[in-house]
Number of protein chains: 2
Amino acid sequence: MVIVGELINSTRRDVAGAIARRDGAFLKDLARRQAEAGADIIDVNVAVADGDEVENLKWLVNLLQGAVDIPLCLDSPNPAALKAGLSLCGQRAMINSITAESHRWDEILPLIQQYKPRVLALCMDDGGVPETVEDRLRIAAKLVDGLVGAGVSGDDVFIDPLVKPICINTGYGMTALKATRAVKVAFPGVKTICGLSNISYGLPGRRLLNRAFMVMCVAAGMDAFILDPLDRPTMSLLDASLALAGRDEYCMNYIAAARAGKIEF
Amino acid sequence: MVIVGELINSTRRDVAGAIARRDGAFLKDLARRQAEAGADIIDVNVAVADGDEVENLKWLVNLLQGAVDIPLCLDSPNPAALKAGLSLCGQRAMINSITAESHRWDEILPLIQQYKPRVLALCMDDGGVPETVEDRLRIAAKLVDGLVGAGVSGDDVFIDPLVKPICINTGYGMTALKATRAVKVAFPGVKTICGLSNISYGLPGRRLLNRAFMVMCVAAGMDAFILDPLDRPTMSLLDASLALAGRDEYCMNYIAAARAGKIEF
């Protein structure tokens, strides 16, 4: 299981403020605490902070590389920001994200070929976000074939089936789960990833829904999540789910977490 | 989703004590509170209480029928106790359980034919509890064919895939989930059911594991659980899981539960 820590995101007011006033101590602490809590990769999004995105991202990448020794996930709609970030990353980064939309593909693929990051690839194309499992699988095939054909190792490809809110269509949860299983079957060499908050958009008790959906995703074979690793109930449920899904040999990780007092619920 | 409230079970010390001293108020209250919390059926097990099981069960069935207007699930290894209980049930009962073991089948089938209860049918035969999904499906076929052949409506058959502890084999969780899906595909007219505590036997943090496994079971299509309906986090997770699995039209039940302040986590 690969955990991408989501907290350094400029849509969070405290993070945007810290970026704007160059509060390095706050941001380094947020990165370190996520790493200590189990994050394997730290997502870095400065897209909606005040100031120039490229300058903000360069500052933040340099800052965080000195603070944690795990990779960064550069998360931006702006190819110039991604390029600037990639050029500074000592450790091989991840980028969030490429899609099968023509313009996005053409802008991002050269960066992938130059810097060889891990790649989060969203199942959407010029037709937008697909409705069905079959459409997701068709777009996933386009992404996997295109990336692997361009020299990317399948192991570095993280396919995001794109989770849509169940308040719009109650079938969207099962669609994402089935798409995850279908991608794992069709492309056993690539990974699957998703965020957890879209599923519950527009509904009350969102944390509960997000956590329950994570459990279902683990049983469906999801390889990675973008989540808040400081949320102990979420991390406890994740450890429990991996044990239940046969993805924790002898339940050793779960038992160790329980012995260390890390299981909270 | 059918919820069988599990609390009136003589393996619980307070329940065994209440049965032995004929504390009807305590037991009626326990039945009523489970019904109010969402139980559709009340499990009644007196097997390990002091005194004669048949007499205890007759007393308890008469007592509870006056207290709640939902069916009872008569839960006993003893065919004489089941027969005595069935003969007293005004509402059509459930029995827990029949198996494909020859002696059990021969003892229980006549009671089913006479009293026409709902039937909890365990996927085990003379070879014991099976190891694989395929063996579970083979035994489920024997149970479904035998019961339906004997005149039982498929809708009254609840197949229990038999969940074994993941501390013995980490694959047992996925085996139960796959067996559940396989039974639903092979016999769309029958229901699936399971208890939640076996999965976590021998491990720390059992409630967490039980709850996470319930979530996975909902996504796999499980139709019924034997559980503690007074456990609010479990019931909240169940409501959330049904919404996520597309089993709650417009998420109406989940939203209503949240509005009523019943979502707790």
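All chains are named by letter (A, B, ...) in the order of the sequence lines, taking the proteins before the strands, and each is independently numbered beginning at 1.
With B:Ser10 contributing its side chain and B:Ala47 its backbone, the two residues share a donor-acceptor pair below 3.5 Å. Proximity of a side-chain donor or acceptor of A:Arg136 to a complementary backbone N or O of A:Pro161 within less than 3.5 Å is detected. A donor-acceptor pair under 3.5 Å is absent between the side-chain atoms of A:Arg118 and the main chain of A:Ile95, judged by distance alone. Distance alone, capped at 3.5 Å, places no donor-acceptor pair between the A:Arg138 side chain and the A:Val133 backbone. A donor-acceptor pair is defined here as one N or O able to donate and one able to accept, closer than 3.5 Å; no such pair exists between the side chain of B:Glu101 and the backbone of B:Met124. Between the side chain of A:Asp40 and the backbone N or O of A:Ile3 there is at least one donor-acceptor pair closer than 3.5 Å. Without hydrogens or angle criteria, B:Glu6 side chain to B:Asp43 main chain gives no donor-acceptor distance under 3.5 Å.
In this structure, A:Ile42 and A:Ile8 approach most closely via the heavy-atom pair CG2-CD1, 4.0 Å. A:Val48 and A:Thr11 make their closest contact through CG2-N, 3.6 Å (heavy atoms, listed as atom of the first residue, atom of the second, distance). When all heavy atoms are compared, the tightest approach of A:Phe187 to A:Ala141 is CZ-CA, 3.4 Å.
Side-chain contact between B:Leu7 and B:Val15 is absent, with no heavy atoms from C-beta onward closer than 4.5 Å. With a 4.5 Å cut-off on side-chain heavy atoms, B:Val190 and B:Val183 count as touching.
Heavy atoms closer than 4.5 Å to chain B are found in the backbone of A:Asp248, but not in its side chain.
The candidate with the highest count of non-hydrogen atom pairs below 4.5 Å against chain A, out of B:Met216, B:Glu264, B:Arg247, is B:Met216. Comparing B:Ala258, B:Ala220, B:Ala219 by how many heavy-atom pairs each has under 4.5 Å with chain A, the most go to B:Ala219. The greatest number of non-hydrogen atom pairs below 4.5 Å with chain B, out of A:Ile166, A:Leu244, A:Val215, is found for A:Leu244.
Residues from residues 192-214 of chain B that place a non-hydrogen atom less than 4.5 Å from a non-hydrogen atom of chain A comprise B:Ile199, B:Leu203, B:Pro204, B:Gly205, B:Leu208, B:Leu209, B:Arg211, B:Ala212, B:Phe213, given in numerical order. Taking 4.5 Å as the heavy-atom cut-off, the residues of residues 168-182 of chain B that approach chain A are B:Thr170, B:Gly173, B:Met174, B:Leu177, B:Arg181, ordered by number. Close approach to chain A, defined as a heavy atom under 4.5 Å from one of its heavy atoms, is seen in B:Ser236, B:Leu237 of residues 221-238 of chain B, taken by number.
When each of A:Asp155, A:Asp160, A:Asp156 is paired with A:Lys191, the salt bridge (charged side-chain N to carboxylate O under 4.0 Å, His left out) condition holds for A:Asp155 and for no other.
Checked against side-chain hydrogen bond (donor to acceptor under 3.5 Å, both in side chains), A:Ser153 has no partners two or more places apart in sequence or in another chain.
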Does the pair B:Val148 and B:Val144 meet the rule for a side chain to side chain contact (heavy atoms under 4.5 Å, CB included), with working shown?
CA-CA 6 Å; B:Val148 172; B:Val144 172; 4.1 Å; yes
